[in-house]
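Step one of this worksheet: look at the structure below.
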Amino acid sequence: MTFDLSARLAERRAAHLFRQRPLLQSPQGPLVQVDGRELLAFCSNDYLGLASHPEVIRAMQQGAEKWGVGGGASHLVIGHSGPHHELEEALAAFTGRPRALLFSTGYMANLAAVTALVSQGDTVLEDRLNHASLLDAGLLSGARFSRYLHNDAESLGKRLEKAEGNTLVVTDGVFSMDGDLADLPALCAAARRKGAWMMVDDAHGFGPLGATGGGIVEHFGLGIAEVPVLVGTLGKAFGTAGAFVAGSEELIETLIQFARPYIYTTSQPPAVACATLKSLELLHSENWRREHLNRLITRFRQRAAEIDLSLVDSPTPIQPILVGDSERALRLSALLKDRGLLVGAIRPPTVPAGSARLRVTFCALHSDAQLDRLLDALAECWPLVAGDA
Ligand SMILES: *Cc1c(COP(=O)(O)O)cnc(C)c1O
């Protein structure tokens with residue numbers, strides 16, 4: 001018995017599914033240096049342009065000077081420092097929930113919340129297009145795990161009929177690869193009718209969505225009764241790193257007591273929390289970032305319709321162009337790169353088979369002229385790959 005890794009890798013290459021990491025040689029921003037070339041990028045999740053904001057950088061520098069660099073220990077030992085605590089209080093106020101709990105990554109926040117709330121004898125129901133971390137969390141929990149049709153409250157309702165034990169319904173708020181919004185009013189109503197709890201991971205909604213950046217729950221006006229478990233990540237529109245779960249006093253205390261991905265890991269560097277406190281302030285107050293993003297999205301969708309791009313029904317900065325075949329998606333991405341534009345091709349297993357796409361994302365720092373450069377290049381390149389389906 002041996003591990004035949006080379007065969008596995010060769011198979012992946014042959015299927016046009018081999019992944020490569022572009023080497024970023026500059027900070028995040030519309031214009032980046034990648035693999036030795038300057039490119040105009042439309043693929044970052046830094047939607048509001050806060051990852052390289054001078055005030056956020058200064059907050060992190062000052063935080064490091066005051067608090068040092070490392071977290072030092074887990075939160076329950078001696079790693080829970082002033083900035084972590086202050087950030088949790090600020091996030092609770094921002095989300096309008098009694099408490100919030102800080103994590104080092106969104107992946108861990110999701111593992112923690114799901115595994116602390118359900119286990120053997122319980123049920124977890126997830127949208128089939130949920131983020132991988134939510135699906136992994138459902139499997140790890142040991143609860144009966146079932147996936148309902150994408151964004152379909154009726155399909156969820158049928159599964160709720162057969163649910164046993166504590167039942168957790170889990171959905172992305174904004175779907176990460178499609179940019180569409182979860183139909184939360186309908187999904188929450190279905191869950192509540194059966195006494196199930198709703199957990200929403202709004203990694204891509206906080207910042208761009210809602211009048212003050214409060215994400216999908218602010219967009220739909222949903223409170224803690226409808227969404228008792230609310231997750232946000234800090235590495236996207238917040239521009240920093242980490243994640244949080246917001247909810248009731250009891251929920252947060254349960255996570256502190258029982259969530260293994262919370263307990264058995266070192267706290268994030270306190271300076272990162274200092275940076276996030278500043279970015280939260282900017283995210284909340286600087287409405288021009290959301291307004292400009294919305295103008296970019298509207299203009300992109302109008303002109304995309306004129307050149308017959310196949311888009312998804314998305315009102316968010318995530319605007320995928322559906323290509324279907326993985327090889328053609330790679331080809332379109334390469335054609336754009338030849339013209340100085342960086343847009344990532346997203347292929348299975350990240351998205352369902354046959355739904356490869358270019359995942360275009362916008363940032364509040366993109367100019368109108370930069371958007372036009374993308375559209376002009378798409379008008380030229382799209383017919384070259386769309387014709388030979
Ligand atoms: C990115 C993402 C995560 C993971 O968050 P990280 O902080 O990057 O680990 C979780 N859920 C969704 C929906 C995401 O898009």
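First listed ligand is number 1; within each ligand, the first listed atom is number 1.
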May I ask you to say whether E226 pairs ionically with R192, meaning some side-chain N is under 4.0 Å from a carboxylate O?
yes

Gap between atom SG of C381 and atom CZ of R331 - 0.5 Å precision:
11.0 Å

Nitrogen or oxygen atoms of Y107 and ligand 1 under 3.5 Å apart
yes

Can you name the atoms of ligand 1, numbered from 1 with element, that are less than 4.0 Å from a heavy atom of T233?
5 (O)

Minimum-distance protein heavy atom relative to atom 11 (N) of ligand 1:
D201 OD2, 2.5 Å

Nearest-0.5 Å distance, OG1 of residue T361 to NE2 of residue H204
10.0 Å

Backbone of E291 reached by a side-chain donor or acceptor of N294 within 3.5 Å
no

Taking only heavy atoms of S176 into account, list the atoms of ligand 1 that are under 4.0 Å away from them.
15 (O)

Looking only at non-hydrogen atoms, the one of G173, S104, G106, A109 nearest atom 6 (P) of ligand 1 is G106

Which of the atoms of ligand 1 are close to S133, meaning less than 4.0 Å from one of its heavy atoms?
10 (C), 11 (N)

At less than 4.0 angstrom from any non-hydrogen atom of N110, what atoms of ligand 1 do you find?
10 (C), 11 (N)

Atoms in ligand 1 flagged as close to D172, the criterion being non-hydrogen separation under 4.0 Å
13 (C)

May I ask whether L374 and I318 are part of the same hydrophobic cluster, defined by side-chain heavy atoms of I, L, V, M, F, W, Y residues being less than 4.5 angstrom apart, directly or through others?
yes

State yes or no: are the ring centers of F42 and F300 separated by less than 6.0 Å?
no

Separation between NE2 of H366 and CZ of R373, rounded to the nearest 0.5 Å
10.0 Å

Identified side-chain hydrogen bond (donor to acceptor under 3.5 Å, both in side chains) counterpart of H150 within the set T171, D183, D180, N130:
D180

For atom 2 (C) of ligand 1, what is the closest protein heavy atom, and at what distance to 0.1 Å?
K236 NZ, 2.3 Å

Below 4.0 Å from ligand 1: does a non-hydrogen atom of G235 turn up there or not?
no

To the nearest 0.1 Å, how far is atom 15 (O) of ligand 1 from its closest protein heavy atom, and which atom is that?
H204 NE2, 2.5 Å

